[in-house]
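Written below as structure tokens is the structure these notes are about.
Below, chain A is the first sequence line, B the second, and so on; all start at residue 1. Just so it is clear, the values below take in all heavy atoms, side chains as well, and ignore hydrogens, waters and symmetry mates.
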Amino acid sequence: MEFAGKLAERALDFVCGGRFFDAEGLVVIAEFCGHGGFCLPHCDKFVQSVQPMLDIRQFRDDPESVRARLATRGPGHEPAVDAVLALDAGRRAAETSLQTLQAERNRLSREIGRLRASKQDSAGIEAEVKARAAEMHELSEKSAKLSDDQRSLLLNIPNLPQPEVPVGGDASANPVLRVWGEKPEIASPRDHVAIAEALGLIDPDRAAKISGSGFACYTGAGARLERALINFLLDLHTREHGYIEVSPPFLIRRECMVGTGQLPKFEDDMYGVDGLFLVPTAEVPVTNLHREEILDPARLPIKYAAYTPCFRREAGSAGRETRGLIRMHQFDKVELVKICLPENSAAELESLTADAERVLQVLGLHYRVIELCTGDLGFSSAKTYDIEVWAPGQNAYLEVSSCSNFEDYQARRMNLRFKGEKNRFCHTINGSGTALARLYVALLESGLQPDGSVVLPPALHPYFGAGSITR
RNA sequence: GGUGAGGUGGCUGAGUGGUCGAAAGCAGCGCUUUGCUAAAGCGCCGUAGUCCAAAAGGCUACCGAGGGUUCGAAUCCCUCCCUCACCGCCA
């Protein structure tokens, strides 16, 4: 209670970020309010632009199918489905009785207007209407609460996997779809950190000194290579694959994070600054560019390529892959985003994946493409392909791109539609094209020469300004 | 950071507390006229929820969001969010 008073004095923006620091430095996690985030019970943020992301009609019309498809993601979703349906029934009952009262009130109010206009007495009717005010108020609050609760539940239910997505429990059930190239012959493979440090490309110790673990600092030719990769990737996608380059803001509003599905569920993975969020991926700003718009279908598909750094707390993976460039709190990425018509999204996902694969083909890097099974699928995705590049020094494949079809899941959340007979939700697709740090790892470990230098693929020469990196 | 002005349908833009879901214009759709185009005339043209087995139709809500006043709010009051303009500071 004491906290509530203090909280109320602060800017809602900050409070809604989920953490509140009181005068003693205590961190208070505000109450989950059902508005799509952690906020104060009275907070009304987010309600305005948040749409239910799964169609409630689908729940009503075919609950068994919804249940069955969610069950393929893993256990634990049934209760939410049941709760949504129960709330839906209650909500509709409350709305119906409320509406009956409202209709009666409107009728009487009009009558009062008529009586007054003709200078007749209306006190009796006025008293009658007034007598029902409390009942109406109560019903209206009840129905609003049910409606908010339902929306909140829906926001936390993941997308339905496409029916043909292979069913499986975890990553071990992901089928390999294709393999490109072959593992390079490296006499004595070395870890990229050793290679990069020997060549003076990165400075992990000083990176840790200024930012802590999980950050990279590229230096000299290492920094130049990073910059070369950004330019190479953007040029490839904009010149050869028809994407429009976008350079978006790196700090974005909460509702955009809700729009693409990072929130409300994954707030712990995000960095926040002053009520805004640091982009966890360019997917967020770029897909949201057209939020709340009704697009001309003749303009679709819209294809964007964007470079941004990506900021992630990696909250759930403390201690994993802490060394090197493989898992960091900040990394660079070029992201591909498409907004398209529903009937084309399946084909657009295939071509976007092909565009991302092309990066590795042009660089001559061995890779494989896997399909994520239902249990490994991301929250918002209906179907996902992962592209994994071979890293000889790790003796492992590294995920450099995750290409997903979200169907209308994100579009619903951000109210992104196209004009038609009836305005319908667009489909959205995105995939990395590609993540830079892991690509960097693969390039160093695959191009390693016996003398410790690294030979770069010809495609990078004009961007890097040399064909190899030597001491 | 300071000050001011605003947020109304796909867009522009009116709106006196009661018949306003909201004038008008543009765009869109249909029809008529004309040899085609163009133009003109007429009509239609928001979203969501809910009732009905469904259609037809009815009802309810929505004028940035939330709350309040009132028998009745786009209109009055409060809070918040957002946008724009000017000033200051700054790359």
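Rounded to the nearest Å, the gap between the C1' atom of rA22(B) and that of rA74(B) is 8 Å. Between rC84(B) and rU69(B), the distance separating the two C1' atoms is 31 Å to the nearest Å.
Taking atom CG on Leu108(A) and atom C1' on rU19(B), their separation rounds to 16 Å, with Å as the unit. Distance Leu98(A) CG to rU60(B) C1': 8 Å, rounded to the nearest Å. In this structure, Lys142(A) places its NZ atom 19 Å from P of rA61(B), rounding to the nearest Å. Atom CZ of Arg254(A) and atom C1' of rC80(B) are 16 Å apart (whole Å). Between Glu141(A) atom CD and rG66(B) atom C1' there is a gap of 12 Å when expressed in whole angstrom units. Regarding Glu95(A), its CD atom lies at a distance of 20 Å from the P atom of rG58(B), rounded to whole Å. Protein atom CD of Glu255(A) is 12 Å distant from nucleotide atom C1' of rA65(B), rounded to whole Å. Rounding to whole angstrom units, CD of residue Gln99(A) and P of rU60(B) are separated by 8 Å.
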Quick test: give all pairs of protein nitrogen or oxygen and nucleotides 72-75 of chain B nitrogen or oxygen below 3.5 Å, distance rounded to 0.1 Å.
residue: rG72(B); atom: O4'; partner: Ser109(A); partner atom: OG; Å: 3.2

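Not counting sequence neighbours, the partners of Arg60(A) by the side-chain hydrogen bond (donor to acceptor under 3.5 Å, both in side chains) test are Asp88(A). For His241(A), the ring pair (Phe, Tyr, Trp, His ring centres under 6.0 Å) test picks out His237(A), with sequence neighbours left out. Applying the ring pair (Phe, Tyr, Trp, His ring centres under 6.0 Å) rule to Phe418(A) yields no partners; only residues at least two apart in sequence or on another chain are considered. Partners of Glu343(A) by side-chain hydrogen bond (donor to acceptor under 3.5 Å, both in side chains), not counting sequence neighbours: none found. Among residues two or more places apart in sequence or in another chain, the ring pair (Phe, Tyr, Trp, His ring centres under 6.0 Å) test is passed with Tyr385(A) by none. Under the side-chain hydrogen bond (donor to acceptor under 3.5 Å, both in side chains) criterion, His329(A) pairs with Tyr271(A), sequence neighbours left out. Take Tyr463(A) and apply the side-chain hydrogen bond (donor to acceptor under 3.5 Å, both in side chains) test, not counting sequence neighbours, and it matches Asp235(A).
Contact between the side-chain N/O atoms of Arg57(A) and the OP1/OP2 oxygens of rG49(B) is found at a separation under 4.0 Å. A sub-4.0 Å separation between OP1 or OP2 of rG10(B) and a side-chain N or O of Lys419(A) is absent.
Annotated stems with RNA chain B as a participant read B:1-7 with B:81-87, B:10-12 with B:24-26, B:28-32 with B:40-44, B:46-51 with B:57-62, B:64-68 with B:76-80, given as range with range, by first number; only runs of 3 or more Watson-Crick or G-U pairs under 3.5 Å qualify.
Here rA61(B) is the nucleotide among rU50(B), rG10(B), rA61(B) with the atom lying nearest to any side-chain atom of Gln102(A). For Lys130(A), counting side-chain heavy atoms from C-beta on, the closest listed nucleotide (rC51(B), rC71(B), rG10(B)) is rC71(B). The His137(A) side chain lies nearest to rG68(B) when the options are rG68(B), rU60(B), rG18(B). Minimum atom distance to the side chain of Thr96(A) is reached by rC51(B), of the listed rC51(B), rC71(B), rG10(B). Considering only the side chain of Arg253(A), rU83(B) comes nearest among rC71(B), rU83(B), rC51(B).
In this structure, Arg107(A) reaches neither bases nor backbone, as no heavy-atom distance under 4.0 Å exists between it and the strands shown. At a threshold of 4.0 angstrom between heavy atoms, the contacts of Arg424(A) with the nucleic acid are absent. Using a 4.0 Å heavy-atom distance criterion, Ile125(A) is classed as making no nucleic acid contact.
In this structure, the side chain of Arg424(A) does not engage the main chain of Pro342(A) through any donor-acceptor pair within 3.5 Å.
Comment: Glu78(A) does not engage Arg67(A) in a salt bridge, judged by the lack of any side-chain N to carboxylate O separation of less than 4.0 angstrom.
Taking for each of Arg91(A) and Arg417(A) the nucleotide of RNA chain B with the nearest heavy atom, the 5'-most of the two is the partner of Arg417(A).
Between the side chains of Ser140(A) and Ser143(A), no donor-acceptor pair is found at a separation under 3.5 Å.
Annotation: cation-pi pair Arg224(A)/Phe464(A) present, NZ/CZ under 6.0 Å from the ring centroid and within 45° of its normal.
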